[in-house]
Amino acid sequence: MLSQESIEKIDRELAKYPADQRRSAVMGALRIAQTEKGWLATETIEFVANYIGISPVAAYEVATFYNMYDLSPVGKHKITVCTNLPCALSGGYDAAEYLKQKLGIDFGETTSDGKFTLCEGECMGACGDAPVLLVNNHTMCSFMSREAIDKKLAELK
Ligand code: FES
């Protein structure tokens with residue numbers, strides 16, 4: 001279900017915890033599975049749960065709680081824009097509207113070429129850097145003016 005490379009990465013996550021605390025590796029294991037598959041299908045979550053030795057429901061609870069896990073297919077680049085209040089007061093909404101206009105999609109949608117998915121996000125702990133975007137759950141982009149957004153989209157294309 002997962003590649004040998006991903007299994008080895010999950011084994012390294014598991015090695016960080018005592019043998020009777022394997023469930024602690026679930027977040028890392030889900031992240032590794034999502035990186036390989038692009039998103040987390042039910043059977044992927046079940047595979048991870050079985051591999052770790054926890055119930056599928058316990059893994060599913062984690063996967064549905066955190067918004068970095070994608071439970072349906074997303075574009076090659078998932079762009080999450082923070083629109084919480086501090087960012088909203090510092091250009092977050094403008095950045096979101098500009099991205100919607102540039103990409104021709106709304107929040108929760110993917111461009112027809114499958115390249116971009118746009119999401120609305122919660123505070124990313126970088127309020128002073130607003131507007132902020134998170135690309136593919138990992139790369140934080142700060143001070144995203146319209147010009148900076150143009151540059152970032154060109155880089156990602
Ligand atoms: S409110 Fe946007 S990063 Fe905190």
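Every heavy atom of this structure was used, including side-chain atoms; hydrogens, water molecules and symmetry mates were not.
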When hydrophobic residues are tied together by side-chain contacts of less than 4.5 Å, even through go-betweens, does [X] share a cluster with [Y]?
{"X": "Met144", "Y": "Leu103", "answer": "yes"}
{"X": "Val62", "Y": "Met1", "answer": "yes"}
{"X": "Phe65", "Y": "Tyr69", "answer": "yes"}
{"X": "Ile32", "Y": "Tyr17", "answer": "no"}
{"X": "Leu40", "Y": "Ile10", "answer": "yes"}

[atom1] of [X] to [atom2] of [Y]: how many Å apart, nearest 0.5 Å?
{"X": "Thr35", "Y": "Leu30", "atom1": "OG1", "atom2": "CG", "answer": "10.5 Å"}
{"X": "Leu118", "Y": "Ile105", "atom1": "CG", "atom2": "CD1", "answer": "5.0 Å"}
{"X": "Gln21", "Y": "Lys16", "atom1": "CD", "atom2": "NZ", "answer": "15.5 Å"}
{"X": "Glu122", "Y": "Thr83", "atom1": "CD", "atom2": "OG1", "answer": "7.0 Å"}
{"X": "Met124", "Y": "Leu133", "atom1": "CE", "atom2": "CG", "answer": "7.5 Å"}
{"X": "Asp11", "Y": "Lys9", "atom1": "CG", "atom2": "NZ", "answer": "12.5 Å"}

Write down the atom of [X], the atom of [Y], and the distance for their closest heavy-atom approach.
{"X": "Ile52", "Y": "Val26", "answer": "CD1-CA, 3.6 Å"}
{"X": "Ala95", "Y": "Val81", "answer": "CB-CG1, 4.5 Å"}
{"X": "Val48", "Y": "Ala33", "answer": "CG2-CB, 3.8 Å"}
{"X": "Cys82", "Y": "Cys123", "answer": "SG-CA, 3.9 Å"}
{"X": "Asp70", "Y": "Asn137", "answer": "OD2-ND2, 3.9 Å"}
{"X": "Ile45", "Y": "Ala63", "answer": "CD1-CB, 3.8 Å"}

Taking [X] for the side chain and [Y] for the main chain, is one N or O donor matched with an acceptor at less than 3.5 Å?
{"X": "Lys37", "Y": "Leu2", "result": "no"}
{"X": "Glu36", "Y": "Ser3", "result": "yes"}
{"X": "Ser90", "Y": "Cys87", "result": "no"}
{"X": "Gln34", "Y": "Met68", "result": "yes"}
{"X": "Asn136", "Y": "His138", "result": "no"}
{"X": "Thr117", "Y": "Lys78", "result": "no"}

Are there over 12 heavy-atom neighbours, none belonging to Glu5, within less than 6.0 Å of that residue's CD?
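No.
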For Tyr60, look at atom OH and say whether over 12 heavy atoms of other residues, nucleotides or ligands are found less than 6.0 Å away.
no
Could you tell me whether [X] and [Y] make a salt bridge, using a distance below 4.0 angstrom between a side-chain N and a carboxylate O?
{"X": "Lys151", "Y": "Glu147", "result": "no"}
{"X": "Glu13", "Y": "Arg31", "result": "yes"}
{"X": "Arg146", "Y": "Asp94", "result": "yes"}

Quick check: do Trp39 and Thr44 have side-chain heavy atoms less than 4.5 Å from each other?
no
Taking side-chain hydrogen bond (donor to acceptor under 3.5 Å, both in side chains) as the definition, give me every residue that meets it alongside Thr80, ordered by chain and number, with sequence neighbours left out.
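Result, side-chain hydrogen bond (donor to acceptor under 3.5 Å, both in side chains) vs Thr80: none returned.
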Do the ring planes of Phe47 and Tyr51 sit parallel (below 30°), tilted (30 to 60°) or perpendicular (above 60°)?
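Correct class here is parallel.
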Trace of the side chain to side chain contact (heavy atoms under 4.5 Å, CB included) decision for Lys100 with Phe107:
CA-CA 8 Å; Lys100 286 180 189 176; Phe107 285 138; 3.7 Å; yes
Which residues pass the side-chain contact (heavy atoms from CB on, under 4.5 Å) test with Leu156, sequence neighbours left out?
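Leu156: side-chain contact (heavy atoms from CB on, under 4.5 Å) contacts with His77, Ile79, Phe116, Val135, Lys152.
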